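Here is the structure we will look at, set down as structure tokens.
If you're wondering where the values come from, they're calculated on a predicted model, not measured in any experiment.
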Amino acid sequence: MVNDSEYLEIVSRISSLIDYNPETGSMIWLKKESGRDWKRWNSCRAGRECGTITPMGYRKIFFRPESGITFRIYCHRIVWFMFYGKLPDGVIDHINQDKSDNRISNLRDVPHRINMQNQKRRSTNTSGFMGVSWNKACKKWHASACILGKHHYLGLFDDLDEANRVIVDFRIKNGFSELHGISTDLVDKQ
């Protein structure tokens, strides 16, 4: 287990090996001039994009310093550190919901609850609207939302669009992102 100061040291070290472009969000490994296995580093990493895309869509760096322990660190956390000189207080939210878009203008340090209010509609959603589902027993559309782990029942509706309007109004009143619940395809086109 790594303590906070060790983690900060690793992030700082990784940051010193990266050329970050805040306009594009690209992170390119720098060339090493000396040090442990610098020739191998330069042939394998220098000039290449940092990290790999995880199944969840985030860019992540795997880094193994001399200690031999492999660290897995999200690139957006490194970008935050590079730009602000500190780790985030909360979680990093990708404002446009593109988890691999690490432009500093697309990142914000927010509490977990705010991050949860800026989610894409899940691929398993069948109604087309986040928070709206079909209630087989009542043969109506069921509308509900969750804030801070508390579920809010918003009603049963004959009309799908009416159920969605109620959900959207509830979200606006409770500070959700305007992109919350939007289709992944629609977000990518914006």
Query raised in the report: What's the verdict on side chain to side chain donor-acceptor pair (under 3.5 Å) for S100 and D98, showing C-alpha distance, side-chain angles and the deciding distance?
Result: CA-CA 6 Å; S100 65; D98 179 350; 3.0 Å; yes
Query raised in the report: Are N135 and W141 close enough, and set up right, to give a side chain to side chain contact (heavy atoms under 4.5 Å, CB included), and what steps lead you there?
Result: CA-CA 6 Å; N135 184 316; W141 293 104; over 6 Å; no
**Report entry** Pair K99-T54, side chain to side chain contact (heavy atoms under 4.5 Å, CB included): steps then yes or no
**Finding:** CA-CA 10 Å; K99 298 172 184 175; T54 68; over 6 Å; no
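For F83, there are no ring pair (Phe, Tyr, Trp, His ring centres under 6.0 Å) partners, not counting sequence neighbours. Annotation: salt bridge (charged side-chain N to carboxylate O under 4.0 Å, His left out) contacts of R77 (sequence neighbours excluded): none. Considering only residues two or more places apart in sequence or on other chains, E9 meets the side-chain contact (heavy atoms from CB on, under 4.5 Å) condition with none of them. Qualifying ring pair (Phe, Tyr, Trp, His ring centres under 6.0 Å) partners for F62, counting only residues two or more places apart in sequence or in other chains: none. For W38, the ring pair (Phe, Tyr, Trp, His ring centres under 6.0 Å) criterion is met by no residue, not counting sequence neighbours. Take Y74 and apply the ring pair (Phe, Tyr, Trp, His ring centres under 6.0 Å) test, not counting sequence neighbours, and it matches Y58, H76.
Counting side-chain heavy-atom gaps under 4.5 Å among Ile, Leu, Val, Met, Phe, Trp and Tyr, L30 is found in no cluster with other residues. When hydrophobic residues (I, L, V, M, F, W, Y) are linked wherever their side-chain heavy atoms come within less than 4.5 Å, the members clustered with V168 are I172.
Residues Y153 and H142 bring their aromatic ring centres within 6.0 Å.
Hydrophobic clustering of Ile, Leu, Val, Met, Phe, Trp and Tyr side chains at less than 4.5 Å, counting indirect connections, unites V79 with L8.
Residues in residues 80-96 take part in these salt bridge (charged side-chain N to carboxylate O under 4.0 Å, His left out) pairs, two or more places apart or across chains: K86-D89, D93-R108. For residues 146-158, the salt bridge (charged side-chain N to carboxylate O under 4.0 Å, His left out) pairs, not counting sequence neighbours, are K140-D158. For the side-chain hydrogen bond (donor to acceptor under 3.5 Å, both in side chains) condition, the pairs that include at least one residue of residues 39-49, sequence neighbours left out, are D37-R40.
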Do any side-chain atoms of residues 15-27 form donor-acceptor pairs under 3.5 angstrom with protein atoms, and if so which ones, sequence neighbours left out?
from, atom 1, to, atom 2, distance (Å)
S15, OG, V11, O, 2.8
S16, OG, R13, O, 2.6
Y20, OH, N102, O, 2.8
Y20, OH, I104, N, 2.9
N21, OD1, E23, N, 2.8
N21, OD1, T24, N, 3.3
T24, OG1, S26, N, 3.2
T24, OG1, S26, OG, 3.3

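With D101 contributing its side chain and R103 its backbone, the two residues share a donor-acceptor pair below 3.5 Å. In this structure a side-chain-to-backbone donor-acceptor pair under 3.5 Å is present from S127 to V132.
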